Every structure is written in C-alpha cells, then in structure tokens.
Amino acid sequence: MSVQPSTTTTAATGDFANRLLDWYDREARTLPWRVPPGSRAVPDPYRVWLAEIMLQQTTVAAVTGYFTGFTALWPTLADLAAADDADVMAAWAGLGYYARARNLLACARAVVADHGGHFPDDEAGLRALPGIGDYTAAAVAAIAFGRPAVVVDANIERVVARHRRIEVPLPAAKRAIRAALAPFVPAARPGDFAQALMDLGARICTPRAPDCAHCPIADDCRVRGTSDAVRLPVKPPRKAKPHRHGVAHWIRSDDNVWLERRAPRAMLGGMRALPGSEWTDAPPRESAIAEVRHSFTHFDLTLKLVARESPDAAAEGEWWPIAELDAAGLPTLYRKLVDRMRESDG
DNA sequence: TAGACGTGGGT
DNA sequence: TACCCAAGTCT
C-alpha cells in the first residue's frame with residue numbers, strides 16, 4: 001500500500017460516494033423528470049434542462065404540474081423553440097421569476113440556431129446559454145451527460161457545510177464548499193451523486209430538523225446530532241422589506257376586460273396584466289373597488305383596483321372575456337385581483 | 001458584489 | 001403573524 005495521502009483520500013472519498021449512492025438506490029424520490037437509479041433509460045437533456053430551470057428557487061411540489069404541462073404542450077426542444085412567446089409566458093404564469101421563462105425560450109432558440117438542436121454536452125458550453133448559470137450548467141452536465149461536474153445548490157451547500165463544519169457565512173462559503181465536495185464526485189455516477197445529495201438535503205439534512213439518525217453519511221459528519229447541525233450553514237442577516245403601493249385599472253366592455261402586456265425588463269416582465277400606475281412608496285388617493293396585498297421577495301405591495309371607462313388612447317392591449325381569464329396567464333398578483341372581482345360580481 | 005427577481009408552503 | 005425556505009441567474 002502506498003503511504004501517499006492520495007491513496008487514503010481515494011478510499012475515503014469512494015466510501016463517501018458509495019454510502020450516498022447506496023442510500024439513493026433505496027430512497028430516491030420518484031420525480032417526473034428523473035430517470036430512476038438502476039434504470040437503463042437514457043436521460044433526455046431537454047427534460048433535464050427544463051426541470052432544472054423550473055426548479056430554480058422553486059419547490060418540487062410547485063414545479064411538478066408545470067413540468068407535466070410544458071412537456072405535454074412541447075414534447076421536444078424543437079417544439080418549445082418554435083412556440084409563440086405568449087403561449088410560453090402564459091404556461092409559466094404563477095410559477096414566478098418570469099425572467100426564467102423569457103430565458104427559457106431564448107435558450108431553446110439558441111440551441112436550435114447555434115447548436116443544431118442539441119444541447120452542448122459540457123459545462124462551459126451550457127454555461128454560455130441564457131438562463132444557465134454555474135449550478136444549472138453543472139447539474140445538466142452531470143445528470144444528462146454523465147460529466148463529473150461539481151454540482152452545488154442550496155441543498156448541497158447545507159449538507160456539505162454541516163458535514164465538513166464550514167463556519168464561513170454564505171455566500172462566501174461557496175468556494176470552500178465546492179473545494180470540499182470536488183474530491184468526492186464519482187466518475188461513474190456523477191448525476192446520481194448530485195441528485196442523491198439534493199434528496200438528502202430535502203429529506204434528511206433539512207434546514208430546521210435534520211434527521212441524523214437516518215443519514216447515510218453521518219459516520220464522518222462533523223456536526224452529527226449537535227446543535228451545530230441546525231446552526232449551519234451560516235447565512236447573512238436579512239434586510240427589512242419596504243411596503244409599496246399601486247393602482248391597477250379595471251376597464252370593462254360588456255363581458256370583456258382590458259389586458260396589456262408588461263414591458264420585458266419590468267417586474268413581472270413579459271406577462272399579461274391589468275394596466276395601471278407605477279408602484280410607489282405612497283398610497284394612492286383614488287377610491288378602489290377592490291384591493292389586494294401581495295408579498296414579493298424584496299417588497300410588499302398593496303394594489304388597489306380602480307374602475308376606468310376606456311383604455312388610454314395609445315395603449316396596446318386586448319379585450320379578454322372575463323369568464324375566460326383563467327386562460328390569460330396572469331401572474332398571481334393580478335389573478336388575486338381578478339378573483340376578488342369575480343367573487344363580488346358573481 | 002449586492003440587489004432585483006415570484007410564489008406557496010411550513011413553522 | 002412573520003419569517004424562513006426552495007434544484008439560482010443576471011446585472
């Protein structure tokens with residue numbers, strides 16, 4: 001036996017990956033976009049990519065129905081690339097972070113135009129596409145193409161920060177987390193390894209109540225069963241959210257209501273919406289026929305609905321049947337207002 | 001680099 | 001209730 005550190009490191013890292021993969025073989029979640037461990041099926045890069053974009057900052061429960069809907073409407077990358085913007089934005093409505101949907105289309109079209117309709121099969125090529133950052137490039141490279149990429153999402157940050165007891169606060173800790181994880185990535189099953197860590201973070205090494213008793217990598221975990229497990233990773237303090245106010249216009253003609261499309265780079269950009277004022281710090285004086293409160297990531301909003309006779313002369317938009325507003329693809333903020341109107345109108 | 005960017009569910 | 005959290009990316 002060699003006495004070189006690399007030899008012992010290899011044994012230890014191999015054992016770590018094997019314990020994790022054995023657990024994953026038994027406990028993997030069944031998900032619509034996932035090829036089960038042990039399956040002979042080959043992952044479809046389109047489905048892997050689509051799921052990864054949808055899952056950014058979004059729960060599995062929220063994504064599942066949207067993933068099913070998108071793959072039914074657009075079964076292949078070419079189908080999505082050829083879709084109308086309005087249809088894709090409407091199908092995304094309610095999922096949030098709408099820049100993802102705009103970039104989704106831009107990415108699909110770039111792959112068709114610049115890559116012959118096939119995703120690049122390495123991190124660098126993927127990373128250059130719209131909406132694909134460090135995480136998604138690594139995840140698609142590992143899961144769809146079997147590349148030994150170091151995949152680090154919020155689950156994996158938590159698992160590794162605890163397992164190695166990394167005290168550096170996020171996001172600075174990311175570098176140390178990557179460095180700690182890199183030696184453990186197995187060449188044979190890098191995609192399953194990444195998904196195993198994510199499942200572990202979602203089911204065992206959870207933020208508030210880690211279940212160390214059932215953790216497959218607890219043996220060499222530096223915080224196993226201690227209060228440090230709940231304390232880590234260290235996160236920066238949160239800032240207070242401001243409160244803003246706005247007015248939306250309810251412009252009705254017979255059984256239709258006037259909708260406009262929001263500017264591409266604005267909040268809720270590219271989405272159909274009720275027209276209205278800019279959102280400001282001061283509440284409006286107009287008298288409202290309805291009102292909703294909505295909480296965004298970085299501010300809270302009170303939006304008043306005010307009746308108007310007709311759209312602005314220069315406004316571009318469309319009359320939409322009120323009975324069919326569910327199909328308009330409104331962001332949740334506006335869907336709340338619309339629902340309020342339907343309750344009161346009967 | 002820090003702030004912008006949605007939404008729903010859990011505690 | 002209020003806050004935290006979720007398979008991040010872009011500028």
Side-chain angles (χ1 to χ4, degrees), chain A residues 28-29 31-34 47-67 89 92-104 106-107 126-144 149-159 169-172 174-175 191-203 205-209 230 233 235-244 262-271 273 279 292-301 303 329-336:
Chain A
R29 288 179 289 179
L31 302 170
W33 48 86
R34 175 177 283 180
R47 293 168 61 90
V48 173
W49 161 77
L50 178 61
E52 290 303 337
I53 301 298
M54 287 184 166
L55 286 161
Q56 291 168 5
Q57 295 289 286
T58 309
T59 57
V60 165
V63 164
T64 300
Y66 284 87
F67 181 84
M89 299 311 289
W92 196 278
L95 197 54
Y97 284 150
Y98 298 100
R100 292 183 298 171
R102 303 193 298 270
N103 286 329
L104 187 82
C107 182
L126 291 161
R127 182 68 178 80
L129 291 164
I132 298 187
D134 290 341
Y135 162 76
T136 304
V140 174
I143 297 168
V150 185
V151 180
V152 180
D153 78 320
N155 285 300
I156 298 177
E157 282 175 359
R158 185 170 61 252
V159 170
L170 287 169
K174 199 137 187 161
R175 178 181 296 273
D192 283 349
F193 179 76
Q195 293 177 95
L197 281 168
M198 291 191 273
D199 277 21
L200 189 71
R203 310 232 322 233
C205 197
T206 59
R208 314 272 190 122
V230 182
K235 298 203 166 181
R238 241 159 251 268
K239 294 197 166 181
K241 275 197 227 186
H243 197 119
R244 294 194 197 157
R262 294 177 63 80
R265 314 201 58 149
M267 184 87 178
L268 311 175
M271 302 300 289
W279 301 341
V292 295
R293 295 175 61 106
H294 192 75
S295 188
F296 294 108
T297 302
H298 55 299
F299 64 94
D300 294 325
L301 178 70
L303 192 58
L330 298 177
T332 300
L333 168 66
Y334 294 101
R335 190 174 49 70
K336 282 185 185 174

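In what follows, chains are A, B, ... by sequence order, proteins preceding strands, each numbered from 1. As the structure is a prediction and not an experimental result, all values here were calculated from the model.
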What is the nucleic acid contact for [X], judged by heavy atoms within less than 4.0 Å: base, sugar-phosphate only, or nothing?
X: A:Trp49; answer: nothing
X: A:Met267; answer: sugar-phosphate
X: A:Arg34; answer: base
X: A:Arg208; answer: base
X: A:Gly94; answer: sugar-phosphate
X: A:Leu31; answer: base
X: A:Leu268; answer: sugar-phosphate

*Look at the side chain of A:Arg29 and the base of C:dA7, then say whether one donor and one acceptor between them are separated by less than 3.5 Å.*
yes
Write down the distance between [atom1] ([X]) and [atom2] ([N]), rounded to a whole number of angstrom.
X: A:Leu301; N: B:dT7; atom1: CG; atom2: P; answer: 11 Å
X: A:Ile53; N: B:dT7; atom1: CD1; atom2: C1'; answer: 18 Å
X: A:Met54; N: C:dA7; atom1: CE; atom2: C1'; answer: 13 Å
X: A:Glu52; N: C:dA6; atom1: CD; atom2: P; answer: 15 Å
X: A:Arg238; N: B:dA2; atom1: CZ; atom2: C1'; answer: 14 Å
X: A:Arg244; N: B:dG6; atom1: CZ; atom2: C1'; answer: 14 Å
X: A:Leu170; N: B:dA2; atom1: CG; atom2: P; answer: 13 Å
X: A:Arg293; N: B:dT7; atom1: CZ; atom2: P; answer: 16 Å

If we take the [atom1] atom in both [N] and [M], what is their distance in whole Å?
N: B:dT1; M: C:dA6; atom1: C1'; value: 23 Å
N: B:dG6; M: C:dC4; atom1: C1'; value: 15 Å
N: B:dG9; M: C:dT9; atom1: C1'; value: 23 Å

When you check the phosphate oxygens OP1 and OP2 of [N], does a side-chain N or O of [X] lie under 4.0 Å from one of them?
X: A:Thr332; N: B:dG8; answer: yes
X: A:His294; N: B:dG6; answer: no
X: A:Arg102; N: B:dC5; answer: no
X: A:His298; N: B:dC5; answer: yes
X: A:Arg158; N: C:dC5; answer: no

_For a quick test of reading the model, state the closest non-hydrogen atom pair linking A:Arg100 to A:Ile53 and the distance between them._
NH1-O, 3.1 Å
*asked:* For a quick test of reading the model, state the closest non-hydrogen atom pair linking A:Ile156 to A:Ala194 and the distance between them.
replied: CD1-O, 3.9 Å
*Would you tell me whether A:Glu52 and A:Tyr135 have side-chain atoms, one donor and one acceptor, within less than 3.5 Å of each other?*
yes
*Assess whether atom CZ of A:Arg29 is packed by more than 12 heavy atoms of other residues, nucleotides or ligands within 6.0 Å.*
yes
_Around atom CZ of A:Arg175, are there more than 12 heavy atoms from other residues, nucleotides or ligands closer than 6.0 Å?_
no
_Of the listed nucleotides C:dA7, B:dT7, B:dG6, the one nearest the side chain of A:Thr297_ = B:dG6
*Considering only B:dC5, C:dA6, B:dT7, which nucleotide approaches the side chain of A:Phe299 most closely?*
B:dC5
*Between A:His298 and A:Phe296, is the ring centre distance below 6.0 Å?*
no
*Do A:Val140 and A:Ile132 have side chains that get closer than 4.5 Å, going by heavy atoms?*
no
_Which is more 5' along DNA chain B, the nucleotide nearest A:Arg100 or the one nearest A:Pro171? Just name the residue._
A:Pro171
*Please lay out, stage by stage, how A:Leu126 and A:Thr136 fare under the test side chain to side chain contact (heavy atoms under 4.5 Å, CB included).*
CA-CA 8 Å; A:Leu126 291 161; A:Thr136 304; over 6 Å; no
Polar atom pairs between nucleotides 8-11 of chain C and protein, under 3.5 Å, N or O only, would you list them?
residue: C:dG8; atom: OP1; partner: A:Ala154; partner atom: N; Å: 3.2
residue: C:dG8; atom: OP2; partner: A:Gln57; partner atom: N; Å: 3.0
residue: C:dG8; atom: OP2; partner: A:Gln57; partner atom: NE2; Å: 3.3
residue: C:dG8; atom: N7; partner: A:Gln57; partner atom: NE2; Å: 3.4
residue: C:dT9; atom: OP1; partner: A:Gly133; partner atom: N; Å: 2.8
residue: C:dT9; atom: OP1; partner: A:Gly133; partner atom: O; Å: 3.4
residue: C:dT9; atom: OP1; partner: A:Thr136; partner atom: N; Å: 3.0
residue: C:dT9; atom: OP1; partner: A:Thr136; partner atom: OG1; Å: 2.7
residue: C:dT9; atom: OP2; partner: A:Asp134; partner atom: N; Å: 3.4
residue: C:dT9; atom: OP2; partner: A:Tyr135; partner atom: N; Å: 3.2
residue: C:dC10; atom: OP1; partner: A:Gly131; partner atom: N; Å: 2.6

*asked:* Does this structure show an ion pair linking A:Lys174 with A:Asp134, if we count only N-O contacts that are shorter than 4.0 Å?
replied: no
